[in-house]
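Here is how names work: the chains are called A, B, and so on, in the same order as the sequence lines, proteins then strands, and each is numbered from 1.
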Amino acid sequence: MIDMIHVHGLEKHYGDLRALRGVSFDVSRGEIVGFLGPNGAGKSTTMKILTGFLIPDGGSCEVAGQQVLPGEPASRRAVGYLPESTPLYRDMRVDRYLDFVAGLHGQERAERKASVGRVIDACRLGRHAGRRIGWLSKGFRQRVGLAQALIGDPDVLILDEPTSGLDPREVVRMRDLILELGQEKTVLLSTHILSEVEATCSRVIVIAGGQLVADATPLEIARSRAAEMTVVLRVPDEDLADFDAKSIGRDFAHVPGVARLVSAVDCGGGTARLVLDVNRAPGSVALSGEPVAELVADTLAKRGWKLSELTWQGDSFEAAFLEITDPEHLDHRARAHREATAKAAQPGDPQGKDETEQNEGETT
Amino acid sequence: MRAELGTLAWVFRREFGARFDSASALTVTVVFALVAHGLFFFLGHPVGDLQLPSFWAGGVASLQVVFAWLPLLFVGLIPALTMGAWADERAAGTDELLFTWPLSSRASVLGKFFAVWAFLGLALAIVILPLGLVTASLGNLDWGTVFGGFIGAFFLAGACISLSLFLSALFSEQLSAFLSSALLLGLLWSAGLLVHALPAGLADAVNYASPYAHFFDSAARGVFELKDLIYHVSLMAAGLWCNALVVEGRRWS
């Protein structure tokens, strides 16, 4: 996958406040990535640095293969940006404003006309094209903001709280629009509406206190909070004869992401049910992206047992988000996340492979 | 370079058009024109070294009275035209988008400057041209001195605009930008009156540094000199350079 956004070790200070503390992440082509965090976490600062509006005090970033440099507009052509407050020239007509933005992108008359028509259609602004921006409702102004971000047909869209202040109907429309755009473009989306993230984003980056604390799919993040995993399996009759919880528990003792086996019950008819306590420690495999369910299935397979059902209890994305952004444990989580990421990045020594091999050695 | 000129032209278009959409800019321009005409016909210029009777009282076919008043009128007009140029962008947050579009700070600073300068040139023409036509119809007006005075006033306005835009970039409230700019231009104007109270060497230095001295002593009397042009252009460049520094500095804030 080609990285459309590459952020490495970003640092930013506002006076004594250290707003960003070595933030690093990548976003690949075609991804819609949710960029989450509590207020003051450093999301908007990161986005402003990516768009070239702010200059970082340390670190670097690239957008669409172009390094974002002060005074260098080249990388800005690859980015469409919708800031949090949707600042627009309210005295201008929608079509003239978009024509102005197209002009700043260096487009000639015919190209400008085509671009303005394209974004007006894409953002469904047709009926309002001749109206002053200041006269439009908040929802339509938000669409004009998105339209200006699309005018240069950028590869990357950076949207800072695009649904903030919209009514539910407009939120749904905006979400559909972002999903539609995500089919062609890379989208980095900041929002406080977690249901929106689950509905639109393939991946979530969580930042808190200026540090990255999680980078995983919404499902993985939700499961990182899950308390228990229930596994229903099909077990051969001869194994059921001496179905022993202690021996099964030993198998799971070294499975990353599993704290312990809570119970193992023979349900009859060649099936059994295991309840596993999931390890929710900061930097646990669930948080760092390791597929816990697959490791559990592998462990069962080594005994010759077939997994027929696996359910998670207590997996709430919102609860997980609150927990991983808890101010009391931020430094610990950020360090654990960095360690997990660094370990996974070691060439020829991927985390998953290491641990699987270790498990194999101990279970056979 | 061509791309930069293109973006500069777009900023110019947007800013020039915005002046016509701004009720405050239009109102202050109309007031400027009415006051200039009133002073020319009825009051004359009874201030400072350049004492002149009004048009009706003096009966002289010359626009020197109005040129003599322009520096003081600029103290109110120019801050009113420039106060929103950056302060408004900052207050509304539109500068955040402006500097994420593919244009340089230089192009945006110059685009705004030329837009206000052109608008003021238009306002100046609206004041000078009718006065010139009325005066020419009643006497023997020397259009050469009118042209010299107009060009001198235009360049003086350019220097004042660049300073005012720089101050506008320092504030996020229009009122603060207006007051600071009016104070600066007012001080520069009054420097010409205060020089008599200063020791000779210092008076010369203050006089030479004041943009108005490079207007009163030459263009206001109908003589436009190259050294004044160089002075005003240098002041413009300094103001614009400071403006660009402030704007670019926001990226580091």
Student: Between Ser105(B) and chain A, with a heavy-atom cut-off of 4.5 Å, which part of the residue counts as in contact: side chain, backbone, both or neither?
Tutor: neither

Student: With the side chain counted from C-beta on, respond yes when Leu82(A) and Leu97(B) share a heavy-atom pair under 4.5 Å apart, and no when they do not.
Tutor: no

Student: Do Arg14(B) and Tyr89(A) come within less than 4.5 Å of each other through their side chains, counting heavy atoms only?
Tutor: yes

Student: Considering residues, nucleotides and ligands other than Glu173(B), do more than 12 of their heavy atoms fall under 6.0 Å from its CD?
Tutor: no

Student: Under the salt bridge (Lys or Arg N to Asp or Glu O under 4.0 Å) rule, what do Asp21(B) and Arg132(A) come out as? Steps first, then yes or no, please.
Tutor: CA-CA 11 Å; Asp21(B) 281 333; Arg132(A) 266 189 184 223; 3.6 Å; yes

Student: Assess whether atom CZ of Arg13(B) is packed by more than 12 heavy atoms of other residues, nucleotides or ligands within 6.0 Å.
Tutor: no

Student: Please tell me if the side chains of Glu96(B) and Glu84(A) come closer than 4.5 Å, counting only heavy atoms from C-beta onward.
Tutor: no

Student: Between CZ of Arg19(B) and CG of Asp91(A), what distance do you get to the nearest 0.5 Å?
Tutor: 10.0 Å

Student: Give a yes or no on this: more than 12 heavy atoms of other residues, nucleotides or ligands lie within 6.0 Å of atom CZ of Phe147(B).
Tutor: no

Student: Non-hydrogen atoms of chain B under 4.5 Å away: do they reach the side chain of Glu108(A), the backbone, both or neither?
Tutor: side chain

Student: Can you confirm whether more than 12 heavy atoms, excluding those of Arg96(A), are under 6.0 Å from its CZ atom?
Tutor: no

Student: Just one of Arg76(A), Arg77(A), Gln148(A) clears the side chain to side chain contact (heavy atoms under 4.5 Å, CB included) bar with Trp101(B), so which one?
Tutor: Gln148(A)

Student: Which region of Leu8(B), side chain (C-beta onward) or backbone (N, CA, C, O), has a non-hydrogen atom less than 4.5 Å from a non-hydrogen atom of chain A, or is it both or neither?
Tutor: neither

Student: For His8(A), look at atom NE2 and say whether over 12 heavy atoms of other residues, nucleotides or ligands are found less than 6.0 Å away.
Tutor: no

Student: Using a cut-off of 6.0 Å, state whether more than 12 heavy atoms not belonging to Lys113(A) lie near its atom NZ.
Tutor: no

Student: With a 6.0 Å cut-off (strictly less than), is the heavy-atom count around CZ of Arg93(A), excluding the residue itself, greater than 12?
Tutor: yes

Student: I need the Phe53(A) CZ to Thr100(B) OG1 distance, nearest 0.5 Å.
Tutor: 8.0 Å

Student: What is the minimum heavy-atom distance between Leu104(A) and Trp10(B), and which atoms define it?
Tutor: CD2-CB, 3.7 Å

Student: Which region of Ala92(B), side chain (C-beta onward) or backbone (N, CA, C, O), has a non-hydrogen atom less than 4.5 Å from a non-hydrogen atom of chain A, or is it both or neither?
Tutor: backbone

